[in-house]
Q: 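My questions will all concern the structure given below.
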Protein chains: 2
Amino acid sequence: MSDPNIPKLSTTHQPVTCENCNLDNLCIPKGLDRQEIGELALLVSRNNIRQKGEAIYHAGSPFRGMVALRSGSAKLVSFDQAGNELVVGFMLPGEIMGFDGLATQLHTCTAIALETINYCHLPAHKVEQFESSMPSLSHILLQRSCDELDAQVQKMLLSRRSAEERVASFILNVSERLRVRGYSELEFRLSMSREEIGNHLGIAHETVSRIFHLFQSRNLIEVKSKQFRIVDKKELFNFYTTYSLNSPK
Amino acid sequence: MSDPNIPKLSTTHQPVTCENCNLDNLCIPKGLDRQEIGELALLVSRNNIRQKGEAIYHAGSPFRGMVALRSGSAKLVSFDQAGNELVVGFMLPGEIMGFDGLATQLHTCTAIALETINYCHLPAHKVEQFESSMPSLSHILLQRSCDELDAQVQKMLLSRRSAEERVASFILNVSERLRVRGYSELEFRLSMSREEIGNHLGIAHETVSRIFHLFQSRNLIEVKSKQFRIVDKKELFNFYTTYSLNSPK
DNA sequence: AAGATTTCTTGACCTAGCTCAAGTTTCTAG
DNA sequence: CTAGAAACTTGAGCTAGGTCAAGAAATCTT
């Protein structure tokens with residue numbers, strides 16, 4: 001259960017706040033100065049826990065504030081009229097959720113823990129209060145939400161690619177996000193199911209399985225259940241870009 | 001050229017500013033109070049013109065500010081490594097562009113006029129200046145960018161549907177956006193090509209043609225070149241939702 | 001207004017990846 | 001530790017929609 005690749009959240013027994021959190025360079029504080037971080041720390045509720053499968057917030061429920069994942073991963077899902085689930089995205093530690101409720105004050109997505117998670121919560125009413133005294137916060141949130149928009153465009157670009165390219169890109173994307181967060185970029189555990197990966201990428205879970213098998217047979221990766229190892233990152237990347245070079249024009 | 005369905009931009013000879021613009025309920029001013037709109041009006045450069053095919057900004061170029069379309073329509077495109085174009089979205093009058101450059105200060109998309117357009121420009125440095133004196137602006141922009149995120153989730157949901165459903169949904173989406181903006185919702189001109197529609201929806205342009213033909217043969221719409229008329233909105237909507245009800249589970 | 005170019009339409013064929021099915025492995029709860 | 005459930009794998013067709021092609025219509029240019 002205790003994975004050597006996962007950095008410890010806190011090494012001392014002193015309680016973690018935004019000031020000494022090791023995710024400060026990824027989370028909301030990124031871009032705030034020391035004093036602002038101190039003010040932010042006072043507003044944030046820490047050490048919220050959810051078990052695997054439990055929701056952090058539900059589609060349709062009122063927006064209560066922003067959520068910053070501290071450990072564990074989650075999925076963001078939306079539903080169509082028939083109740084079919086669409087996996088909008090996966091969230092890793094240091095990443096921020098809640099933008100789907102900000103525009104209308106009602107969440108359009110449900111956030112679900114993929115394993116036991118620990119998260120911080122920045123209540124909506126305190127956001128507003130903080131905003132008037134410290135305009136930087138809405139600016140930071142604006143930046144983050146535009147980051148999300150950029151990521152969405154990347155996903156749209158990906159949706160024009162073959163199933164193989166999508167899977168290769170997915171693996172590299174997770175790897176890079178883990179690397180930035182201080183985890184091992186070449187060996188990790190993906191807590192989401194093949195079904196969830198396929199749903200997110202717009203392909204059948206059987207296809208995901210087949211492609212993992214294909215990549216393994218070509219010595220690009222090693223997969224054992226949910227445990228992944230990237231063997232040939234360069235080739236995996238080539239695999240994923242080569243096709244588009246064959247594209248017309 | 002002068003379409004009776006298109007509301008006149010200004011009926012008097014007094015120059016249009018944010019205070020008396022008929023798009024104030026859709027554009028940036030939405031959510032600002034009278035005094036704030038007045039301040040905003042001082043920062044905005046008006047009556048910028050682009051001809052069909054000309055760019056408003058380019059992917060990779062530095063962010064210079066937000067753009068609000070006043071008349072005419074535009075497309076937002078992104079490119080993959082091979083230079084293939086992806087139509088990220090279409091913009092109608094009163095809609096705001098530029099979020100794709102806000103996070104990194106470099107545009108990830110190119111904005112191109114689909115016909116002669118007139119737009120307002122809110123320069124980036126003035127945005128910042130305005131933000132510190134009037135925190136509401138970044139809040140407004142945050143809202144708008146989260147609106148965009150919501151729209152992106154809708155597009156993701158759509159990408160799981162059949163080609164027919166995508167086209168039906170596209171027509172209804174444009175119709176609704178035109179309605180909100182005071183244009184006729186049942187009869188309009190779509191200035192984008194079949195190619196651009198197909199690209200945006202993730203289907204071949206031949207498929208777009210075939211489906212327009214199918215819809216016309218079923219008396220749901222009338223299409224003549226770029227001119228559209230929705231004949232049976234209810235049925236078109238049913239067409240688009242029926243399938244998902246057949247979905248599993 | 002004629003020619004050139006682009007866009008649109010329609011047909012015929014083809015394939016990536018979906019669906020269905022059945023066996024296997026992994027996880028979960030007592 | 002064991003039984004049952006859930007997740008995963010692998011195979012075999014099948015089909016939605018892509019690609020290619022060629023003609024028609026619309027649009028642009030001079």
Side-chain angles (χ1 to χ4, degrees), chain A residues 1 51-54 75 84-85 87 112 114-116 158-168 170 189-217 221-228 239 243-244 246-249, chain B residues 1 51-54 75 84-87 112 114-116 158-168 170 189-217 221-228 239 242-244 246-249:
Chain A
M1 201 60 259
Q51 300 301 323
K52 178 177 177 173
E54 292 178 353
K75 66 174 175 179
N84 299 308
E85 187 172 311
V87 176
I112 294 180
L114 290 172
E115 58 202 305
T116 303
L158 201 61
S159 74
R160 300 302 143 87
R161 308 285 244 291
S162 72
E164 275 102 345
E165 290 170 296
R166 296 186 204 194
V167 173
F170 171 74
R189 193 186 134 81
L190 288 187
S191 45
M192 62 293 280
S193 69
R194 305 287 193 268
E195 172 65 45
E196 288 161 333
I197 295 171
N199 181 315
H200 177 57
L201 296 178
I203 57 186
H205 68 279
E206 294 95 328
T207 306
V208 176
S209 254
R210 281 184 249 269
I211 291 172
F212 281 163
H213 178 85
L214 172 75
F215 284 177
Q216 187 153 36
S217 76
I221 61 172
E222 276 172 24
V223 206
K224 174 92 198 318
S225 182
K226 304 213 184 255
Q227 199 62 33
F228 282 72
F239 193 97
Y243 279 74
S244 56
N246 297 338
S247 295
K249 203 175 291 167
Chain B
M1 201 59 258
Q51 301 301 325
K52 178 176 179 176
E54 291 178 353
K75 66 174 177 180
N84 300 307
E85 186 172 311
L86 171 79
V87 176
I112 294 180
L114 290 172
E115 57 202 308
T116 303
L158 201 62
S159 75
R160 300 302 143 86
R161 308 283 247 288
S162 72
E164 274 102 346
E165 290 170 296
R166 296 186 204 194
V167 174
F170 170 74
R189 191 187 135 81
L190 287 186
S191 45
M192 62 293 277
S193 69
R194 305 287 192 268
E195 173 64 45
E196 287 162 334
I197 295 171
N199 182 316
H200 178 57
L201 296 177
I203 58 187
H205 68 280
E206 295 94 330
T207 306
V208 176
S209 255
R210 281 185 251 269
I211 292 173
F212 281 163
H213 179 86
L214 173 75
F215 284 177
Q216 187 154 35
S217 76
I221 62 172
E222 275 171 24
V223 206
K224 174 94 192 337
S225 180
K226 304 212 184 253
Q227 198 61 33
F228 283 72
F239 193 96
T242 300
Y243 278 75
S244 56
N246 298 339
S247 297
K249 202 177 290 165

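Letters go in sequence order (proteins before strands), and every chain restarts at 1. Predicted model, so just to flag it, every value in this text is computed and none were measured.
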Q: Between B/Lys226 and C/dC8, does any side-chain N or O lie under 4.0 Å from OP1 or OP2?
A: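 Indeed, a polar side-chain atom of B/Lys226 lies that close.
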
Q: Rounding to a whole Å, what distance do you find between B/Arg160:CZ and C/dC18:P?
A: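 Rounding to the nearest Å, CZ of B/Arg160 and P of C/dC18 are 10 Å apart.
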
Q: Can you measure B/Leu214 atom CG to C/dT10 atom P for me and round it to whole angstrom units?
A: 12 Å

Q: Take atom NZ of A/Lys224 and atom C1' of C/dT26, then tell me their distance rounded to the nearest Å.
A: 9 Å

Q: A side-chain contact here means heavy atoms from C-beta on lying under 4.5 Å apart; do B/Ile203 and B/Val167 qualify?
A: yes

Q: If every non-hydrogen atom of B/Val87 is compared with every non-hydrogen atom of B/His200, which pair is closest and at what distance?
A: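 For B/Val87 and B/His200, the tightest heavy-atom pair comes out as O-ND1, 2.9 Å.
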
Q: State, to 0.1 Å, how close B/Lys226 and B/Ser193 come at their nearest heavy-atom pair, and which atoms those are.
A: NZ-CA, 3.6 Å

Q: Can you sort out the partners of A/Gln216 under side-chain hydrogen bond (donor to acceptor under 3.5 Å, both in side chains), two or more places apart, ordered by chain and number?
A: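 So A/Gln216 forms no side-chain hydrogen bond (donor to acceptor under 3.5 Å, both in side chains) with any residue.
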
Q: Just by modelled atom types, is the A/Lys224 backbone N or O under 3.5 Å from a matching donor or acceptor in the A/Gln227 side chain?
A: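 Between the backbone of A/Lys224 and the side chain of A/Gln227 there is no qualifying donor-acceptor contact (under 3.5 Å).
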
Q: I'd like a table of atom pairs between the protein and nucleotides 14-16 of chain C - only N or O on both sides, under 3.5 Å - with the distance next to each one.
A:
none

Q: How many whole angstroms separate atom NE2 of B/His213 from atom C1' of C/dT7?
A: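 So the NE2-C1' distance, B/His213 to C/dT7, works out to 18 Å.
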
Q: I need the CZ-P distance between B/Arg161 and C/dC18, as an integer number of Å.
A: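 Whole-Å distance recorded here is 17 Å.
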
Q: Hey, does A/Val223 have a side-chain heavy atom less than 4.5 Å from the side chain of A/His213?
A: no

Q: Please name the pair of heavy atoms, one in A/Phe212 and one in A/Ile221, separated by the smallest distance, quoted to 0.1 Å.
A: O-CD1, 4.0 Å

Q: Quick one: bend of the helix from C/dA1-D/dT30 to C/dG30-D/dC1 from 5 pairs per end, to 10°?
A: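 About 70° separates the two local helix axes.
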
Q: According to side chain to side chain contact (heavy atoms under 4.5 Å, CB included), who are the partners of A/His205, at least two apart in sequence or on a separate chain?
A: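 A/His205: side chain to side chain contact (heavy atoms under 4.5 Å, CB included) contacts with A/Arg194, A/Glu195.
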
Q: Rounded to the nearest angstrom, tell me the gap between atom CG in A/Leu190 and atom C1' in C/dT26.
A: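 Distance, rounded to whole Å: 16 Å.
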
Q: Flag the pair B/Leu86 / A/Arg160 as yes when at least one side-chain heavy-atom distance between them is below 4.5 Å, and no otherwise.
A: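 Yes. Closest side-chain heavy atoms under 4.5 Å.
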
Q: Looking at DNA chain C, which of residues 200-212 of chain A put a heavy atom within less than 4.0 Å of it?
A: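 Close to the strand are A/Gly202, A/Ile203, A/Ala204, A/Glu206, A/Thr207, A/Arg210.
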
Q: Going 5' to 3' along DNA chain D, between which two nucleotides do contacts with chain A fall, using a heavy-atom cut-off of 4.0 Å?
A: D/dC8 to D/dA12

Q: Is there a salt bridge (charged side-chain N to carboxylate O under 4.0 Å, His left out) between A/Glu85 and A/Lys75 once you walk through the steps?
A: CA-CA 11 Å; A/Glu85 187 172 311; A/Lys75 66 174 175 179; 2.9 Å; yes

Q: Mind listing the closest non-hydrogen atom pair of B/Gly198 and B/Val208 along with its distance?
A: CA-CG2, 3.5 Å

Q: Looking at C/dC27, I'd like to know if its phosphate oxygens (OP1 or OP2) sit under 4.0 Å from a side-chain N or O belonging to A/Lys52.
A: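 No.
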
Q: Tell me the interatomic distance from B/Phe215, atom CZ, to C/dT9, atom C1', rounded to whole angstroms.
A: 17 Å

Q: Looking only at non-hydrogen atoms, find the nearest pair between B/Thr116 and B/Gln51 and report the distance.
A: OG1-OE1, 2.9 Å

Q: State, with a plain yes or no, whether a side-chain heavy atom of A/Leu190 is found less than 4.5 Å away from one of A/Phe170.
A: yes

Q: Indicate the atoms forming the closest heavy-atom contact of A/Arg166 with A/Gly202, along with that distance.
A: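 Here A/Arg166 and A/Gly202 meet closest at NH1-O, 3.6 Å.
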
